[in-house]
Amino acid sequence: MTNNYAEKMKTMGLNFFTLAMVLVLWTLIAYWQKSPFFATPYDIVLGFVQMVTVGDVEGYRLWSHMLHSLVRVSAGFAAACLVGIPGGLLLGLYPKIYDRTRILVEPIRFISPIAWIPMAIVLLVGFSRYIFVIWVASFFPIFVSTLWSVRQVNAVYVNVARVAGASRLFIIRKIIFPSILPSVIGGMRISLGISWMCIVAAEMIGGQMVGIGRLILKSAMVTRMDLVVVGMISIGFVGYATNELIIFIEKRIFRWRAAVSIE
Amino acid sequence: MERELIDVDMSMKFDNLSVLEDIKFKVHENEFLVIVGPTGCGKTTLARLLGGLSKPSSGHVTIAGEDVNPKIHNVSFVFQEPSCIPWLTIWDDISMGLEIKGNNPQTAETKARIKEVIKLVGLDGFEEYFPKQISGGMKQRVAIARAYATKPDFLLMDEPFGHLDAQTRYLMQIEIMRIWEREKKTVAYITNNIEEAVYLATRIIVLSKLPARIKAEHSINLPRPRDLTGPDFLRIRAEITEQCEVVG
Amino acid sequence: MANDKNAGSGKLGTFGYNALALSIFILLWTIVSWISESLFLPTPWTVLKSFLDLCTYGDVEGISLGMHIFKSTLRIFAGFVAACILGIPLGILMGLYPRVYDSTKSVIEPIRFIPPVAWIPLVIVLLVGFSRYAFIIWLGAFFPIFIGTLLSVRSVNPTHIDVPRSFGAKRLYIIRKIVIPSTLPDIFTGMRVGMGIGWDCIMAAEMIGGENEGLGVMILKYAELIRIEDIMVGMIVIGAIGFFINEIFIFVERRVFKWKEAIVIS
Amino acid sequence: MAGRKVKIEVRNLSKHFDDLIVLHQMDFDIYEGEFLCVVGPTGCGKTTFCNVVTGLLPITEGSITMGGEKIDFKKHNVSFVFQEPSCIPWRTIWDDVKIGLEIRKVPKKEINERVSAILDLTGLTEFKDFYPSQISAGMKQRVVIARSFVTEPDLLLMDEPFGQLDSSTRFYIENQLIKVWQKTKRTIIFVTHNLEEAVYLSERILVCTQKPTGIKEEVIVDLPHPRDITDREFVKIRNRVTDLVKWW
């Protein structure tokens, strides 16, 4: 135990050290370069303060950008879950439907969600553009992982309930649903990662002046490299936070998967 | 009694958990030594120590006076877990040990040896198969063939049939006896199955629950092939069962 | 045996149903777009016509569809190869020496969470031309390949390592004969995922990046002109190339990893 | 045996898979409260037999009736212990054991009483909040036994339930099974290929033939529990069954 603790402290120390080294090196190179394209870590901190207190070149503050991006992603993601999970469950339970209409669904899977942006720009306006792109981006991972996991439910568990005389609804609720849940949530995590990438692209191309993607692009246009980096770090942070949230929920729900064994 | 080949006198701890305490025994040449003990008593730890895959925290495990080391000694190990390498064919898998021991797998001599052991374990015709294409019993035969191929001075088997069903297990026991009687080797065989132990062994060492100590030793002089329901067999089996604490 | 026959006829049936579904879909599409006569809903035949026009006459600036495809795939290829060259050896190395990765996590992990697309403006400022695109693709493909390799090295079945160890094999032998073959399927999966993300990134980079050639910029140009049929052609081509690349990966995986129990493809 | 009440009548039972005949005209009765073992060589269609009796697979010919009615698990109370581990990973032991009662919509209070009682009897009370991933293979099989008995089934089918356990754990759980059976007096069909296990547990053994499976002979085991595997009578019966089977 003590050994383990010392090891942990050492790793943490080394992590701090590498991070510090990178920051120092970065600062040195930036000073040496003296280029407007190369912001020092200190500039970035100042940029961050400016973003929080005053806002960007148009006066939008950081929280407003973050909030807009977050709302867009959440709405599109929620819509994808609402369609993808029941849809996957249904088509997983009736595999014939999917097998016989695959040709309509499969090709769409391979169109990069970002390639939908121009279409969304033409057909939709404002908020709905973003939601649509996020929906397209997150639908397939959720849908496909739900569908496949239904097909792979261990037959023994279904038989346990069948032999006891369970109804179809009981089997779906108590056997199939819990058994696919881990892969469904796994699919949701992948979706979320793709969504964060797509929202950035959509915001850069999409027209509205607020959103982290937009912040990054417009700061680059006026060569405010410090604000570009602040935007990048913010999007990284929001992505990280939402990912951790799902991991936290996973750990909570799936205590039964714990690898701890008293054997 | 034949020459002593291996000398064991050691203890093993993981951090503060004592797993093996005062384990002290010798293995004689051409002996079939079986070590039995209850589930989770540190048998696998003992096997790894005997094979030189880990080092004892105190004491020593020596072959002919030298600390056991697979880089020096000709030791072979049959693992409890399925150990066929999934991306190698049966032939390549068996040739691996020979290759590591410095034999060129392309020479006629090496090829002849591989053929010989494949025949010995009855896998002729399966040389080009991958592990996924054969049954659990056959996979364990591959592991045995791989271990035998290098003509080891000392062969270690760690519950090699633990994952097999009862019938396959029984057939494999007959098989391993046939092989051992043909190619006499020094064998240390570790198991939790007492019937299997009495069927195979020339000598049995019984381990206690954790931390494992040596609880008893039996020499088994029953004629072979042994009758599982013979009165002597059942008596010895019952006696050892008594000594092995049954765990829930 | 009769089961086999059943499976055969079932497959034929599935194929037939799929053809039927597609025909009904195209028929419905045609009818609806005829009735609506909307600018936003071109008929399948208009789309086909646009495709042929794009191939022969080129787009509004006279750049042919082939040229767009060529530019996009070239960029993807360059960035992807760079990501493999860096990601695979680095992943193997850091997998073998877990402490190196554990100690540099504080630098690597934050970068992982910044979507590669967010780098585009920075790259526009700092780099020019071809290198812009190659860098973005590299960034997008690198992490799936790197992390996939790293995790796979860490989870090599210990028994498989013990087998040569028990014969006294050297470290290099174990790496060559056990670690690398056992990680290879996961490296491939990482490459497939990396390629998918690279493909997303190239779209975004081309839309924002400024050059006139590439599938991404082509569909954006048509969005400004509100020419749905041409956007559709672009999207279908993008989907087809994505599908084709994925099939190549699956084909290679099936060939190379014959020994795998079952390859899960999704 | 003759005076006992017949519980289940199996008449002329056959099962074909296309052209392959797996079960061929099996004819036997099962008595109320009986512990019946069915033994036969590996791959002789024992699992098919179980699936047919419980109705998971349809019958090709013949009939199985309980009290004059065709077996239907929505109507009759049948429990099944599967060969593969069947603890449901996301349910605690408590929730797992109660699943059969939950399906039958037994009132909550009664569920609590019955589950507590069976967990007491199988010695699992202190593990009731554990998940299957946290307990050993032997304990998982005890959970499955508890789950099958808690519904007070008219018929309990067990398909090689202990095949994957080591021998000492197996004996322990077999003793527990006998204890539960003696207390609850349920009708049990226990399918196995382990002859010793069959003689150790049952009142009557049906010996099956190689595929297509039919019934070769019936052996009555008239020994008191707990039985002693080294007892002369025991060995005699075991040898008799072995002679009948001659499968290894």
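Letters A, B, ... are given to chains in the order of the sequence lines, protein chains preceding strands, and every chain is numbered from 1.
Per-residue heavy-atom pair counts under 4.5 Å with chain C were compared for A/V200, A/N15, A/I103, A/N243, and the maximum is reached by A/N15. Chosen from A/P107, A/G13, A/G213, A/P113, the residue pairing most often with chain C at heavy-atom distances under 4.5 Å is A/P113. Interface check for chain C: of the options A/T223, A/L147, A/I233, A/I111, the most heavy-atom pairs under 4.5 Å are formed by A/I111. When the candidates A/E106, A/M119, A/E203, A/M21 are compared by the number of heavy-atom contacts under 4.5 Å with chain C, A/M119 comes out ahead. Considering only heavy-atom pairs separated by less than 4.5 Å from chain C, the leading option among A/A201, A/A115, A/P118 is A/P118.
Heavy atoms closer than 4.5 Å to chain C are found in the side chain of A/K10, but not in its backbone. When heavy atoms are compared at a cutoff of 4.5 Å, C/R112 does not approach chain A at all. Contacts of A/L19 with chain C are made by both backbone and side-chain atoms, with heavy-atom separations under 4.5 Å. Heavy atoms of A/M225 lying under 4.5 Å from chain C belong exclusively to its side chain. Looking at A/I216, the atoms closer than 4.5 Å to chain C (heavy atoms on both sides) sit in the backbone and in the side chain alike. With a 4.5 angstrom heavy-atom cutoff, C/F243 touches chain A via backbone and side-chain atoms both. When heavy atoms are compared at a cutoff of 4.5 Å, A/V122 approaches chain C by way of both its backbone and its side chain.
In this structure the side chain of A/I114 reaches within 4.5 angstrom of the side chain of C/V117, judged on heavy atoms. For the pair C/I228 and A/L123, the minimum side-chain heavy-atom distance is below 4.5 Å.
Formation of a donor-acceptor pair under 3.5 Å by the A/T18 side chain with backbone atoms of C/S103 is found in this model. Between the side chain of C/D200 and the backbone N or O of A/C198 there is no donor-acceptor pair closer than 3.5 Å. Not a single donor-acceptor pair under 3.5 Å links the side chain of A/D99 to the backbone N or O of C/T14.
Between C/A118 and A/M204, the shortest heavy-atom contact is CA-CE, 4.1 Å.
Going from atom CZ of A/R102 over to atom CG of C/L22 covers 14.0 Å, rounded to the nearest 0.5 Å.
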